[in-house]
Participant: 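Please see the structure below; I have some questions.
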Number of protein chains: 2
Amino acid sequence: MTKQPRLALGRAQKRNLFAHVVEDLGTRIIKGDLTPDDPFPIEADLGREFGASRSVIREAVKSLAARGLIESKTRTGIRVMPPTHWNLLDPEVLSWRYGAMPPVQFYGELFEIRLMIEPQAAALAAERAHASDIAEIAEAFAEMTKVSPNSTAAIDADLRFHRAILAAGKNALLHQMGHLIAVGLYISHQTSSDSFTVFLPQHGKVLDAIRARDPQAARRTMEKLLNETREFITGHLKNGRRRAK
Amino acid sequence: MTKQPRLALGRAQKRNLFAHVVEDLGTRIIKGDLTPDDPFPIEADLGREFGASRSVIREAVKSLAARGLIESKTRTGIRVMPPTHWNLLDPEVLSWRYGAMPPVQFYGELFEIRLMIEPQAAALAAERAHASDIAEIAEAFAEMTKVSPNSTAAIDADLRFHRAILAAGKNALLHQMGHLIAVGLYISHQTSSDSFTVFLPQHGKVLDAIRARDPQAARRTMEKLLNETREFITGHLKNGRRRAK
DNA sequence: CATTACCCAATTATCATATAATTAGACATG
DNA sequence: CATGTCTAATTATATGATAATTGGGTAATG
């Protein structure tokens, strides 16, 4: 049989086939359309369903397995893993989950974690930051004061600020939490770009505390920043703010 | 050409070829043998190196890419991502990293995070735990009192205890941190199984606090447990304790 | 009846090969 | 210098085999 070139019908098939299969199955699993109890389609059937070759399906399966969403074994086939097994901190999984949960709940969970991590991270930064780390935090803050509040540059600068603090904490695991924060900031800005302007000064206070090498102040100011942001955004989310996309 | 059956020469090739390639490349990347600057071998060369077909190599590449270790693009080929991009919370990555770092440093990082997470998790558990959650924590503790301190059952019971507390916090992201804790406990027990017996009573105090619905006490007792464990184990690690394997 | 040993069919694992799609970099052109 | 065009390198996808694994059925055994 001659090779069937892949035809992109219907909606713009921008990303490649592999990415499409991964995302489609990933979101279905997280939405609960496919559960550990349901029998999962075998590779051949998945291939038919997506109009993809077995190669693509298998690669997608490996990708999802690496994220803890599924498991694939000889003879048994593929099965969905229980939610406790999912790598929720994986950026993809995080974003799929964001699309599948009520925003208020998602945001609530996210901030609960941020509140555990970031105040202490700020304190560590105040203790351990090198001059270059502080310079980076300061630069990020300077950028925040310049950008247009409702541009994506605002999100970038904000993220840069928070990441720089994590980096200054000199703990690789800590730094990794940047993914979580990125999603948190994204939601914040999507929900209300006003928040950026409102909480800009508090960012400055965090910077000052770190600069002053004052761990307690760093912890307190960061905690205040997060608590107030959470309250602000949660209020907006509850007022029937729907998200784009 | 007729198909070459795969021959397992040399050391026992227990896991399948795919898993072997993933682990080999993964550890090499994390050890720094392959950096973002080095040119990464192309699929064909990897296939030759491992004596594997392109399919297996590609599946391994997708698996590593899902963990944020590498990126693969048409024409550019494969490249190692900078460490900040790695999904360090992924259980595999975590364990590879454990094998590639000085134990004291690894343990230090790990406990810094545990200290951010678990005391607050215990406090949340004291507030939110359902009766069944408390029963599970209690049962785990009961099991801890029964098992032989230097058995793997001890690790299991210990992990069960800590996981149950996370679960009682009613935050999926929190629960996810169980992976981190698992590795932490594993190291603790490997380093000194005495720690299990020494800190058993303090576990009981945490349980009591949660049972009493006293968030502050839960936080304090958990914090004490972690701090003392860290001190105890770090001391042993510095005394030239080498790990197995 | 219970337990063990064996076999079979289902499913993934691996291999081999061919073609399609993408794109970095070279090169030409203005 | 900027911009467009071409080409070769590399991954992306497809196809069709064969190998390896194993859950569950079935027979043999005690």
Side-chain angles (χ1 to χ4, degrees), chain A residues 1-10 12-25 29 34 36-66 68-81, chain B residues 1-10 12-25 34 36-66 69-81:
Chain A
M1 188 191 282
T2 88
K3 183 181 178 188
Q4 288 291 336
R6 150 179 158 239
L7 46 129
L9 40 88
Q13 166 94 41
K14 194 64 201 79
R15 300 179 328 310
N16 60 24
L17 193 44
F18 162 78
H20 175 248
V21 174
V22 169
E23 171 154 353
D24 189 287
L25 289 178
I29 291 167
L34 293 166
D37 301 319
D38 302 325
F40 205 91
I42 65 176
E43 290 177 355
D45 288 341
L46 289 172
R48 264 185 294 278
E49 174 182 345
F50 287 103
S53 68
R54 241 188 101 200
S55 323
V56 169
I57 298 299
R58 283 184 56 80
E59 286 163 18
V61 164
K62 294 300 186 188
S63 183
L64 291 170
L69 297 188
I70 60 181
E71 189 183 58
S72 167
K73 287 199 302 210
T74 302
R75 158 81 212 211
T76 315
I78 304 164
R79 65 170 185 140
V80 174
M81 301 299 282
Chain B
M1 188 189 282
T2 88
K3 185 182 176 186
Q4 288 290 338
R6 151 176 157 240
L7 46 129
L9 40 88
Q13 166 95 41
K14 193 66 201 82
R15 299 177 329 310
N16 61 23
L17 193 44
F18 163 79
H20 175 249
V21 174
V22 169
E23 170 153 353
D24 189 287
L25 290 178
L34 293 166
D37 300 321
D38 303 325
F40 205 92
I42 65 175
E43 290 176 355
D45 287 341
L46 289 171
R48 263 185 295 278
E49 175 182 345
F50 287 102
S53 69
R54 245 190 96 200
S55 319
V56 169
I57 298 300
R58 284 184 56 79
E59 287 164 18
V61 164
K62 294 301 186 186
S63 183
L64 292 169
L69 297 187
I70 60 181
E71 189 183 59
S72 167
K73 288 199 301 214
T74 303
R75 160 76 213 216
T76 313
I78 304 164
R79 65 169 186 140
V80 175
M81 300 300 281

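Side chains are part of it too, since the values below use all heavy atoms of this structure and drop only hydrogens, waters and symmetry mates. Residue numbers start from 1 in every chain, and the chains themselves are labelled A, B, ... in the order their sequence lines are given, proteins ahead of strands.
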Participant: Are Arg15(A) and Glu23(A) close enough that some pair of their side-chain heavy atoms sits under 4.5 Å apart?
Facilitator: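 A side-chain contact exists here, since the closest heavy-atom pair is under 4.5 Å.
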Participant: Any donor-acceptor pair under 3.5 Å joining the side chain of Arg54(B) to the base of dA12(D)?
Facilitator: yes
Participant: Dump the intermediate steps for side-chain contact (heavy atoms from CB on, under 4.5 Å) on Phe40(B) and Ser72(B), then the final yes or no.
Facilitator: CA-CA 10 Å; Phe40(B) 205 92; Ser72(B) 167; over 6 Å; no
Participant: Taking side chain to side chain contact (heavy atoms under 4.5 Å, CB included) as the criterion, tell me which of Ile70(B), Leu69(B), Val56(B) meets it with Val61(B).
Facilitator: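 Single side chain to side chain contact (heavy atoms under 4.5 Å, CB included) partner of Val61(B) among Ile70(B), Leu69(B), Val56(B): Ile70(B).
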Participant: Starting at atom CD of Glu43(A), determine the distance to atom P of dT14(C), rounded to an integer number of angstrom.
Facilitator: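 About 11 Å, once rounded to whole Å.
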Participant: Distance check, rounded to the nearest 0.5 Å: Leu34(A) atom CG versus Leu25(A) atom CG?
Facilitator: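 Rounded to the nearest 0.5 Å, the CG-CG separation comes to 7.0 Å.
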Participant: With DNA chain D as reference, determine whether Ile42(B) or Val56(A) sits nearer its 5' end, using the nearest nucleotide of each.
Facilitator: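 On the 5' side of the pair lies Ile42(B).
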Participant: To the nearest Å, give me how far apart CD1 (Ile78(A)) and C1' (dT22(D)) are.
Facilitator: 16 Å
Participant: Work out which heavy atom in Pro41(B) is nearest to a heavy atom in Ile78(B); give both atom names and the distance.
Facilitator: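 Looking at all heavy atoms of both residues, the shortest contact is O-CD1, 3.9 Å.
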Participant: Atom CD of Glu71(B) to atom P of dA24(C): distance rounded to whole Å?
Facilitator: 11 Å
Participant: Round to the nearest Å and state the distance from Phe18(A) atom CZ to dA14(D) atom P.
Facilitator: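 Checked: the CZ to P distance equals 13 Å.
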Participant: Using only side-chain N and O atoms of Lys62(B), determine if any of them is under 4.0 Å from OP1 or OP2 of dA12(D).
Facilitator: yes
Participant: Quick one: label Gly47(B) by what it contacts on the DNA or RNA (base, sugar-phosphate, nothing), any heavy atom closer than 4.0 Å.
Facilitator: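 Since no nucleic acid heavy atom lies under 4.0 Å of Gly47(B), the category is nothing.
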Participant: How many Å lie between CG on Leu46(A) and P on dT13(D), as a whole number?
Facilitator: 15 Å
Participant: Give a yes/no answer on whether the side chain of Thr74(B) brings an N or O atom under 4.0 Å of OP1 or OP2 in dT22(C).
Facilitator: no
Participant: Can you tell me how far P of dC15(C) sits from CD of Glu59(B), to the nearest Å?
Facilitator: 10 Å
Participant: Find the distance Asp45(A):CG to dA10(C):P and express it as a whole number of Å.
Facilitator: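 That distance rounds to 13 Å.
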Participant: It should be established whether Arg75(B) places a side-chain nitrogen or oxygen under 4.0 Å from OP1 or OP2 of nucleotide dA21(C).
Facilitator: no
Participant: Under 4.0 Å: is that the gap between some side-chain N or O of Ser55(A) and OP1 or OP2 of dT14(C)?
Facilitator: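 No, no such contact exists.
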Participant: Which whole-number value in Å describes the distance from Lys73(A) NZ to dA10(C) C1'?
Facilitator: 15 Å
Participant: Heavy atoms only, 4.0 Å cut-off, all strands: where does Ala52(B) land among base, sugar-phosphate and nothing?
Facilitator: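 Here Ala52(B) touches the backbone only, sparing every base.
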